[in-house]
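Just below is one structure, and these are the notes that go with it.
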Amino acid sequence: MINRKQFLRTGALGLLPLGWKSFASPKTVTGPKPVVIATWHTVKKATEAAWQVLKDGGYALDAVEVGVKVEEADPNNMTVGYGGRPDRNGNVTLDACIMDERGECGSVAFLQNIKHPISVARKVMEESPHAMIVGEGAKKFAVSQGFETENLLTPEAEKAWKEWLKTSEYKPVINIETHDTIGMLALDADGRISGACTTSGAAWKMEGRVGDSPIIGSGLFIDPKVGAACATGLGEEVIKTAGSHLVVEMMRQGHSPEEACKIATERIIERTPSNKEGIQVGYIALNNEGGYGGYSIQGGFSYVVNNGQGNNVAPAKHLME
Ligand code: GLY
């Protein structure tokens, strides 16, 4: 308990007595804006589409929606949207969420037969009184908003599922079956920050399984006063540590985006040290000053940055050698 004398000595740090140094000293990393960053080296078309919105003074929220839709529509991306690997029953089920510069959010989970879950998530934010709608309810809501239903299981994904059925062993392959989410963060020329996160989730998951991607604070989080973070990888581990919220909170406490991401990956390994070789999670973060960074548990994770100086892949540092 803080006593009256200590309380009177409390200064700008709120309830902390002066002299306490429990937080890192502020290190503001800055960068040019507008800027967009996104998980994984494979999503350059998505960041380029987002950049086209940002470069002419467009809104960060529009940029991240337009950007991730590129991957949702791409049948060759077997971890997001159309063409995503199905669950163990052969059903493609999608999770997505979106947040804006006010910290407003919308999310859908266990959504089937709708190609662009990110746009449904935006409708949840803008057209419903809720933050999250799932399953059949999410599908009905999407249809009520004018979205069309379609089969999202491509012949390639169906073939892969039938191959998997031969063993039916659930052991997600790091950087392949957990090379999953596209998470995208953007800061526009007016300083508005937004994020989007969308995935078909872990391949061969149990029916009804929902990962971190649509969970605000896990797959994505924005604090309007600080910045944004999103996650990729084994969603169960991200959920258990409220990963993206943790990254943003670390930035609030003065850590650079890269340091904040590193701390969140360490938190996962601290929790389950015996399984440290078997888990891949990667984070990216963007602060309100245009500074960005990323970090992962295992090697192989990278992200794309587009801030008008190219559409470049940045390999992330990682914990495990
Ligand atoms: N990170 C996506 C998932 O686990 O579903």
Side-chain angles (χ1 to χ4, degrees), residues 38-43 46 68 71-72 77-89 91-99 107-112 117-118 121 132 134-135 138 152 157 160-161 164 170-185 195-221 228-247 261 264-265 267-268 271-272 275 278-285 294-298 300-303 316 318:
T39 52
W40 299 103
H41 57 282
T42 50
V43 302
V68 302
E71 297 301 315
E72 287 182 339
N77 185 337
M78 295 182 77
T79 54
V80 177
Y82 175 60
R85 292 185 184 88
D87 68 12
R88 59 189 60 179
N89 298 340
N91 296 315
V92 179
T93 74
L94 306 177
D95 301 336
C97 73
I98 197 160
M99 283 190 90
S107 161
V108 289
F110 192 49
L111 175 65
Q112 297 182 53
I118 199 65
M132 185 171 197
V134 308
L152 302 178
W161 168 59
W164 177 79
Y170 185 69
K171 216 174 162 193
V173 182
I174 280 178
N175 292 341
I176 298 176
E177 287 161 8
T178 61
H179 162 192
D180 48 18
T181 316
I182 176 165
M184 182 177 284
L185 309 172
C197 191
T198 178
T199 185
S200 51
W204 337 129
K205 60 195 172 185
M206 289 174 69
E207 182 177 23
R209 181 264 189 191
V210 170
D212 60 308
S213 301
I215 310 290
I216 300 297
S218 290
L220 173 69
F221 192 68
C230 60
T232 182
L234 191 59
E236 282 73 8
E237 298 302 322
V238 179
I239 291 172
K240 288 170 197 169
T241 49
S244 292
H245 181 268
L246 176 58
V247 172
C261 292
T265 58
R267 190 68 60 87
I268 292 171
R271 221 186 57 77
T272 50
N275 195 18
I279 300 171
Q280 173 64 312
V281 168
Y283 290 104
I284 58 172
Y295 216 90
S296 59
I297 297 176
Q298 317 292 340
F301 173 59
S302 54
Y303 55 100
H318 47 95

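Being a predicted model, the structure only gives us computed values, none of them experimental. In each ligand, atom 1 is the first atom listed, and ligand 1 is the first ligand listed.
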Q | Sub-4.0 Å atoms of ligand 1 with respect to non-hydrogen atoms of Thr181 | A | 1 (N), 2 (C)

Q.
Determine whether a donor-acceptor pair (N or O, by modelled atom type, separation under 3.5 Å) exists between the side chain of Asp95 and the backbone of Phe110.
A. yes

Q. Looking at residues at least two apart in the chain, or sitting in another chain, which of them share a ring pair (Phe, Tyr, Trp, His ring centres under 6.0 Å) with His245?
A. Phe221

Q. With a cut-off of 4.0 Å, which atoms of ligand 1 are near a heavy atom of Ser213?
A. 1 (N), 2 (C)

Q: Output the list of atoms in ligand 1 that are nearer than 4.0 Å to some heavy atom of Gly211, sorted by atom number.
A: 5 (O)

Q: Indicate yes or no: does an N/O atom of Gly235 lie under 3.5 Å from an N/O atom of ligand 1?
A: yes

Q | CA sep, side-chain torsions, deciding dist, call: Val134, Val210, side chain to side chain contact (heavy atoms under 4.5 Å, CB included) | A | CA-CA 10 Å; Val134 308; Val210 170; 6.0 Å; no

Q. Going by the salt bridge (Lys or Arg N to Asp or Glu O under 4.0 Å) test, which pairs reach into residues 204-214, not counting sequence neighbours?
A. Arg209-Glu236

Q: Give a yes or no on whether Tyr82 atom OH has more than 12 heavy-atom contacts from other residues, nucleotides or ligands under 6.0 Å away.
A: no

Q. Quick one: does Gly233 get an N or O within less than 3.5 Å of an N or O on ligand 1?
A. yes

(Q) For Arg209, which part has a heavy atom under 4.0 Å from ligand 1: side chain, backbone, both, or neither? (A) side chain

Q) Hey, is ligand 1 close enough to Asp212 that some N/O pair sits below 3.5 Å? A) yes

Q: Taking Thr39 for its side chain and Thr181 for its backbone only, find out whether a donor-acceptor pair lies under 3.5 Å.
A: yes

